[in-house]
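None of these values were measured; they are calculated from a predicted model.
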Amino acid sequence: MAFNQKMKEKIWSPWAAGALLGLTSIATYVLVDKTIGSSGGLENIDSMLLKLFHSNLANSMYFKFQMPPVLSFQILLFVGMLLGAFTSSIWSKDFKFRMMPDQQWTRIFGPSKLKRWTMIFIGGIIIEYAAGIAGGCTSGLAISGTMQLSPAGLIFIVGLFVSGIITTKILYGRDY
Amino acid sequence: MMLYVIPIVIGFFFAFALQKAGLGHYHKIVNQFRFKDNTVMKFMMTGISVGLVGLYGLKDLGFIQLDQVSSTYIVGNLLGGLLFGVGMALAGT
């Protein structure tokens with residue numbers, strides 16, 4: 001069956017996957033009048049944790065009104081995202097517990113797991129903090145924002161690529 | 001009930017598209033910054049183009065109102081973007 005064959009492919013053409021993303025965003029707007037984003041949900045979870053541990057930060061304006069401790073749209077989106085990525089990877093037999101990236105990392109940075117995990121942890125902190133400053137992440141601002149012709153998304157993409165290219169150049173050095 | 005089901009279904013298709021484009025892999029993200037593999041750019045631009053045509057078409061036909069436009073504050077967006085790129089290149093996610 002052609003459909004099953006297609007689903008078993010590990011990697012689709014980026015154009016096809018991108019079209020699916022575009023259609024999903026349109027459906028989101030029509031069905032729930034929201035845009036797809038993923039960094040905000042984490043801050044709702046933060047807000048819940050702060051409230052749970054009675055931190056003073058929970059009373060700040062930001063965590064009280066901007067990111068209230070409720071089961072928001074984006075937290076539910078996370079549940080769906082886990083299911084979607086899981087289904088996709090199981091179907092194409094791409095699912096595997098990885099301690100290290102499959103390709104490239106070991107050749108450039110050596111086999112140290114600690115180095116990889118430290119870098120991904122620091123990178124993750126920077127990503128979430130930056131998403132808080134900018135008002136969205138790659139999906140919430142760069143894709144969903146630009147889709148509505150918001151200048152914010154375009155400015156964000158410019159910043160992202162400028163510093164991304166410079167950082168990669170510094171990390172890779174001669175191997176760039 | 002539908003309030004909970006719809007976001008989960010949307011998330012399902014969103015992550016499905018991401019996984020099928022191969023964006024769960026470290027090398028896909030970092031090689032975009034090295035311009036060895038333009039998957040991220042192609043994926044983002046297709047998503048934006050398809051969504052843009054659909055959203056503005058539906059808006060002009062009167063089915064939806066574009067009232068969720070991300071707010072622009074140039075310094076914040078730019079600083080956030082610059083910091084975001086550093087994290088993205090470090091973590092490769």
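- At a 4.5 Å heavy-atom cutoff, the contact between B:Ile74 and chain A is made by backbone and side-chain atoms alike.
- Using a 4.5 Å cut-off between side-chain heavy atoms of Ile, Leu, Val, Met, Phe, Trp and Tyr, with links allowed through other members, A:Ile155 and B:Val40 fall into different hydrophobic clusters.
- Residue B:His25 touches chain A through its side chain alone, counting heavy-atom pairs closer than 4.5 Å.
- When the side chains of ILVMFWY residues are joined at heavy-atom separations under 4.5 Å, either directly or via intervening members, B:Val86 and A:Leu171 end up in a single hydrophobic cluster.
- In this structure, the side chain of B:Lys20 engages the main chain of A:Met7 through a donor-acceptor pair within 3.5 Å.
- Between chain A and the residues B:Asn31, B:Leu3, B:Leu23, the largest count of heavy-atom pairs under 4.5 Å involves B:Asn31.
- Of all heavy-atom pairs between B:Leu52 and A:Thr146, the closest is CD1-O, 4.0 Å.
- Note: B:Val50 leads B:Val50, B:Leu79, B:Val75 in heavy-atom pairs under 4.5 Å with chain A.
- The residue among A:Val79, A:Ile36, A:Ile125 with the most heavy atom pairs within less than 4.5 Å of chain B is A:Ile36.
- Listed for the A:Ser150 side chain is a donor-acceptor partner under 3.5 Å among the backbone atoms of B:Ser70.
- In this structure, A:Leu82 and B:Phe12 have side chains that are not in contact, with every pair of non-hydrogen atoms separated by 4.5 Å or more.
- When each of A:Thr35, A:Val162, A:Thr87 is scored by its heavy-atom pairs under 4.5 Å with chain B, the top score falls to A:Thr87.
- Taking chain B as the reference chain and counting heavy-atom pairs below 4.5 Å, the highest number among A:Val32, A:Asp94, A:Asp33 is found for A:Asp33.
- Remark: A:Leu21 CG to B:Phe16 CZ distance equals 13.5 Å, nearest 0.5 Å.
- A:Ser13 OG to B:Lys42 NZ: the interatomic distance, rounded to the nearest 0.5 Å, is 8.0 Å.
- Distance alone, capped at 3.5 Å, places no donor-acceptor pair between the A:Tyr29 side chain and the B:Leu66 backbone.
- Between A:Ile143 and B:Ile48, the shortest heavy-atom distance links the atoms O-CG1, 3.9 Å.
- At least one side-chain heavy atom of A:Phe161 sits under 4.5 Å from a side-chain heavy atom of B:Phe33.
- At a 4.5 Å heavy-atom cutoff, the contact between B:Tyr4 and chain A is made by backbone and side-chain atoms alike.
- Annotation for B:Ala21 and A:Ala17: closest pair CB-CB, 3.7 Å, computed over non-hydrogen atoms.
- For chain B, the nearby part of A:Phe109 is the side chain; its heavy atoms alone come within less than 4.5 Å.
- With chain B as partner, the option from A:Phe73, A:Phe78, A:Phe86 having the largest number of non-hydrogen pairs under 4.5 angstrom is A:Phe73.
- Here A:Leu149 is the residue among A:Ile170, A:Leu71, A:Leu149 with the most heavy-atom pairs under 4.5 Å with chain B.
- Note on B:Leu58: it clusters hydrophobically with B:Ile6, by side-chain heavy-atom contacts below 4.5 Å among ILVMFWY residues.
- Put simply, the side chain of B:Arg34 never gets that close to the backbone of A:Ile165: no donor and acceptor are under 3.5 Å apart.
- A side-chain donor-acceptor contact under 3.5 Å links B:Asn77 to the backbone of A:Ala134.
- Counting heavy atoms of neighbouring residues, nucleotides and ligands inside a 6.0 Å radius, atom CD1 of A:Ile90 exceeds 12 of them.
- The candidate with the highest count of non-hydrogen atom pairs below 4.5 Å against chain A, out of B:Ala89, B:Gly80, B:Ser49, B:Gly92, is B:Gly80.
- Counting only distance, with no hydrogens or angles, the side chain of A:Gln148 and the backbone of B:Val69 share a donor-acceptor pair below 3.5 Å.
- Hydrophobic clustering (side-chain heavy atoms under 4.5 Å, transitive across Ile, Leu, Val, Met, Phe, Trp, Tyr) groups A:Ile26 together with B:Leu61.
- Heavy-atom contacts from other residues, nucleotides or ligands closer than 6.0 Å to NZ of A:Lys51 number 12 or fewer.
- To the nearest 0.5 Å, atom CG of residue A:Leu23 and atom CZ of residue B:Phe13 are 10.5 Å apart.
- With ring centers used as reference points, B:Phe84 lies 6.0 Å or more from A:Tyr129.
- Interface residue A:Ala142: backbone and side-chain heavy atoms are both found under 4.5 Å from chain B.
- Of the atoms belonging to B:Asp67, heavy atoms from both backbone and side chain fall under 4.5 Å from chain A.
- Ranked by heavy-atom pairs shorter than 4.5 Å toward chain B, the options A:Ala27, A:Gly37, A:Ser89, A:Ser25 are led by A:Ser89.
- Here A:Ile11 contributes atom CD1 and B:Thr39 contributes atom OG1; the two are 7.5 Å apart, rounded to the nearest 0.5 Å.
- Residue B:Phe63 qualifies as open at atom CZ: its count of foreign heavy atoms under 6.0 Å is 12 or below.
- The part of A:Glu9 that comes within reach of chain B is its backbone (N, CA, C, O), which places non-hydrogen atoms under 4.5 angstrom from that chain.
- The two residues B:Val30 and A:Gln104 have their closest heavy-atom pair at CG1-NE2, 4.2 Å.
- Between atom CG of residue B:Leu78 and atom CD1 of residue A:Ile133 there is a gap of 11.5 Å, rounded to the nearest 0.5 Å.
- With hydrophobic clusters built from ILVMFWY side chains whose heavy atoms lie under 4.5 angstrom apart, A:Met100 does not share a cluster with A:Phe121.
- Only the backbone of B:Ser71 comes within contact range of chain A, with at least one heavy atom under 4.5 Å from a heavy atom of that chain.
- Neither the backbone nor the side chain of A:Lys169 comes within less than 4.5 Å of any heavy atom of chain B.
- Ranked by non-hydrogen atom pairs under 4.5 Å with chain A, the options B:Gln68, B:Met88, B:Met45, B:Gln32 are led by B:Gln68.
- By the 6.0 Å contact criterion, CG on A:Asn56 is open, its count of non-hydrogen atoms from other residues, nucleotides or ligands being 12 or less.
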Problem set entry | Check against side chain to side chain contact (heavy atoms under 4.5 Å, CB included), B:Tyr26 and A:Gln103 | CA-CA 8 Å; B:Tyr26 169 81; A:Gln103 301 177 25; over 6 Å; no

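- Between the CG atom of A:Leu83 and the CD1 atom of B:Ile8 there is a distance of 7.0 Å, given to the nearest 0.5 Å.
- Considering all non-hydrogen atoms of both residues, A:Pro151 and B:Thr72 come closest at CD-OG1, 3.5 Å.
- Side-chain atoms of A:Ser163 come within 3.5 Å of backbone N or O of B:Leu82 as a donor-acceptor pair.
- Scanning both residues, A:Leu77 and B:Ile10, for their nearest heavy atoms gives CD1-CG2, 3.8 Å.
- More than 12 heavy atoms of other residues, nucleotides or ligands sit less than 6.0 Å from atom CZ of B:Phe35.
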